[in-house]
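Single-structure report; data block below.
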Amino acid sequence: MQDLSVDTKKEDEILAQISEEQKQWTIIPCDDEDVQEEAETPQSYMRKMGAICQTKSFYEYGGMNAIQMYGPWLDDAVHVKGRVDIPIYAPPPETNEKESDRDEQDKERDSQSGAKEEQPAIVVIHEEQWDLLADEQDKKVFKGEYIVRQRNEILDTQNTDPNGEEIKKFAPMDWIYDLEITMK
């Protein structure tokens, strides 16, 4: 049987080869003025750490922050993906008289035993990706596709109608845009 224990000598050797600079996020300046205005700080829209690239999505969903997207750091391409799962809760059911007459002790006992833990009715799955390649004439210009996909998954199949209004609000979508970004 193969020994799967950690080789601390090899681990120390590899860690010694990684510079402190490679362990910190480095800001990648971008010329796109719209992107710079949206960014939290000037020129902080895209950054890298070692072989990892991180950027924020252009799209914000409701009151949620933009999705963080990650991918490998490549000199001639930007390939990043991000995903967020957004739980959608069903409106509370109307209570009948017997339910409202329950005393506080019964309600507290149910909550402590985990009798009724609220579960989302639907999860909206929102995914984005950039597939960009460096322009042959200008290596600071990256062109390609910006892809947005949204799907939903019904979790509460007993109380959620697959053809109901709440599902129609979150219809599947596939958006594909042309995207061009210029790095400084």
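Just so it is clear, the model here is predicted, and its values are computed rather than measured.
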For Asp174 and Arg151, what are the C-alpha separation, side-chain angles and deciding distance, and is it a side-chain contact (heavy atoms from CB on, under 4.5 Å)?
-> CA-CA 9 Å; Asp174 287 309; Arg151 303 283 180 266; 3.0 Å; yes
Could you tell me whether Glu13 atom CD has more than 12 heavy atoms of other residues or ligands within 6.0 Å of it?
-> yes
Take atom CG of Asp178 as the centre, draw a 6.0 Å sphere, and report whether it contains more than 12 heavy atoms from other residues, nucleotides or ligands.
-> no
Between atom [atom1] of [X] and atom [atom2] of [Y], what is the distance when rounded to the nearest 0.5 Å?
X	Y	atom1	atom2	answer
Lys81	Ile67	NZ	CD1	13.5 Å
Tyr89	Leu155	OH	CG	9.5 Å
Lys140	Asp135	NZ	CG	13.5 Å

Cluster overlap Tyr177 with Val141, hydrophobic side-chain contacts below 4.5 Å |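 As far as the 4.5 Å side-chain criterion goes, Val141 and Tyr177 are not connected within one cluster.
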How would you list, by chain and number, every residue that makes a side chain to side chain donor-acceptor pair (under 3.5 Å) with Gln129, sequence neighbours excluded?
->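 Scan of Gln129 (side chain to side chain donor-acceptor pair (under 3.5 Å), adjacent residues dropped) gives Asp131.
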Could you tell me which residues satisfy side chain to side chain donor-acceptor pair (under 3.5 Å) with Tyr70, sequence neighbours excluded, listed by chain and number?
-> Gln54
Looking only at non-hydrogen atoms, find the nearest pair between [X] and [Y] and report the distance.
X	Y	result
Ser57	Met69	CA-CE, 3.9 Å
Trp73	Cys53	CE3-CB, 3.7 Å
Phe142	Asp76	CE2-C, 3.8 Å
Pro120	Pro87	CB-CB, 3.8 Å

With [X], which residues qualify under side chain to side chain contact (heavy atoms under 4.5 Å, CB included), at least two apart?
X	result
Leu133	Ala77, His79
Ile176	Glu145, Ile147
Lys9	Asp7
Ile125	Arg83, Asp85, Val123, Glu127, Glu153

Measuring only between side-chain heavy atoms, which start at C-beta, is [X] closer than 4.5 Å to [Y]?
X	Y	result
Ile52	Arg47	no
His126	Val148	yes
Val78	Ile181	no
Gln68	Lys56	yes

